[in-house]
Amino acid sequence: MKIDRLIGILSILLQRDKITSQELAEKFEVSRRTILRDIESLNVAGIPIVSEQGQGGGISIMDGYKIDRTLLSSGDMQAILSGLRSLDSVSGTNRYRQLMEKLSADDMTSVNVDNHIIIDLSSWDKSAIAGKIELIKQAIEQRNLITFRYFSPGGESERRIEPYHLIFQWSAWYVWGYCTERQDYRMFKLTRMTELAITDDRCEERAVPEYTSDKLRHTRGEIKATVKFDISVKWRIIDEFGADFLKYDDSGDLVMEFTWSDKHSFFSYILTFGDSAEIVAPQEYRQEFAELAKKIYSKYET
């Protein structure tokens, strides 16, 4: 639809200093003539768009212009501003504040009226995370590989990946991309990364699969187990996995089928439930977990 395309063009022009009509035509899969008509429609609507011809030319919004808030409803504006505030909570720059100023009235009063929704995406170590997010964003935009040292239950390793997505999930930030060592797509937690750097190497031209999130699946090649939980921790299962995953046995206990990345992190998770969780299957995991519990107990024997 034309209105969707006009909003899309306006969004791109707000984020980029300049873009050619041909680039816009290719992005929206229409003719260059259609894009030029769209630009004229935006001008008629009162949005001053300038066009420069020749080498280095292109289409841009006139410097210093701010969008009239009356183009958006109050609800639309507050939703946009809440999202921008959440991004600013992890950004090491003030670019989102500047975008808020472009979208708001001159005095910024309306921006601060509705503050009852606060979305803080930052971690406890905000300064370290912000720098990593900005560097990874740059690598994604430039299509360059990144390298880093990674710390996991299996030990330390040097990783080299083609980054494709920054993801805020499970209360933490991750980067998802193609790992050249494993020759597969993997997700890495930013807080476990050190010595992060952008390389000069470019990402391969490959068909990147769509990223999907499975609440009970962490990475490929994991272990599987069945765990029984006491009804007293029902609130936590709902909180972490959702009510749709609840299943009960004949005794009324909760039973969950887990797929996990490795036994070490799986056992660590089950330990957080104390005596309110019991590994039901497979039998070898029951035995290994029992041995782990004995070792822990032995440290506290007097």
Side-chain angles (χ1 to χ4, degrees), residues 86 89-90 116-125 129 150-157 165-176 179 182 184-193 209-302:
S86 69
S89 68
V90 294
H116 62 272
I117 298 178
I118 298 175
I119 307 172
D120 188 352
L121 302 180
S122 61
S123 68
W124 64 271
D125 191 10
I129 290 294
Y150 197 65
F151 298 82
S152 68
E156 301 178 27
S157 60
H165 296 297
L166 271 166
I167 300 165
F168 184 78
Q169 190 169 309
W170 305 312
S171 302
W173 281 94
Y174 299 81
V175 58
W176 182 85
C179 178
R182 303 295 173 84
D184 201 356
Y185 295 89
R186 293 288 188 269
M187 191 152 71
F188 301 92
K189 196 171 184 178
L190 266 59
T191 53
R192 296 182 182 178
M193 298 164 57
E210 181 181 358
Y211 169 79
T212 57
S213 171
D214 187 331
K215 291 182 179 180
L216 296 181
R217 181 171 292 275
H218 284 192
T219 58
R220 292 192 178 99
E222 321 85 330
I223 56 96
K224 296 182 179 180
T226 304
V227 182
K228 180 170 68 175
F229 295 93
D230 186 80
I231 200 67
S232 63
V233 296
K234 178 179 179 180
W235 64 271
R236 183 172 166 187
I237 299 299
I238 292 176
D239 183 41
E240 296 180 2
F241 301 103
D244 293 341
F245 286 90
L246 294 178
K247 294 182 181 179
Y248 303 88
D249 63 11
D250 295 337
S251 302
D253 290 318
L254 291 168
V255 177
M256 300 281 289
E257 300 291 336
F258 281 96
T259 304
W260 217 262
S261 56
D262 59 272
K263 283 190 293 185
H264 182 276
S265 59
F266 172 63
F267 287 169
S268 296
Y269 177 73
I270 298 303
L271 282 170
T272 64
F273 288 90
D275 62 354
S276 296
E278 176 188 353
I279 298 175
V280 177
Q283 183 62 29
E284 64 176 289
Y285 291 173
R286 283 179 59 87
Q287 294 175 347
E288 290 183 39
F289 191 79
E291 291 298 320
L292 174 62
K294 290 177 183 178
K295 290 180 180 179
I296 294 174
Y297 175 75
S298 65
K299 291 182 179 294
Y300 295 90
E301 284 185 304
T302 56

Least distance between heavy atoms, V175 atom then L190 atom: N-CD1, 3.5 Å
Gap between atom CG of L246 and atom CZ of F229 - 0.5 Å precision: 11.0 Å
Nearest non-hydrogen partners of K224 and Y285, listed with the distance: O-CE1, 3.3 Å
Least distance between heavy atoms, T226 atom then E257 atom: OG1-OE1, 2.8 Å
Euclidean distance, M187 CE relative to I167 CD1, rounded to 0.5 Å: 5.5 Å
Whether F266 and F258 hold their rings parallel, tilted or perpendicular, with breakpoints at 30° and 60°: tilted
Closest non-hydrogen atom pair, W176 against P209: CH2-O, 3.4 Å
Spacing of NZ belonging to K294 relative to CD belonging to E301, to within rounding of 0.5 Å: 11.5 Å
Flag for D230-S232: side-chain donor and acceptor within less than 3.5 Å: yes
Check against side-chain contact (heavy atoms from CB on, under 4.5 Å), L271 and L292: CA-CA 10 Å; L271 282 170; L292 174 62; 4.0 Å; yes
More than 12 heavy atoms of other groups within 6.0 Å of D275 CG: no
Any side-chain heavy-atom pair of V227 and I270 under 4.5 Å: yes
Interatomic distance, W173 atom CH2 to M193 atom CE [nearest 0.5 angstrom]: 13.0 Å
S276-R236 side chain donor-acceptor pair, cut-off 3.5 Å: no
From CA spacing to verdict: side-chain contact (heavy atoms from CB on, under 4.5 Å), R286, E278: CA-CA 8 Å; R286 283 179 59 87; E278 176 188 353; 2.9 Å; yes
side-chain contact (heavy atoms from CB on, under 4.5 Å) between I231 and L254, worked out: CA-CA 6 Å; I231 200 67; L254 291 168; 4.3 Å; yes
CZ on F267 to CG on D262, rounded to 0.5 Å: 10.0 Å
Exercise: identify the closest heavy-atom pair between Y150 and K189: OH-N, 2.9 Å
Worked check of side-chain contact (heavy atoms from CB on, under 4.5 Å) between K234 and Y248: CA-CA 11 Å; K234 178 179 179 180; Y248 303 88; 3.3 Å; yes
Separation between OH of Y174 and CZ of R186, rounded to the nearest 0.5 Å: 15.0 Å
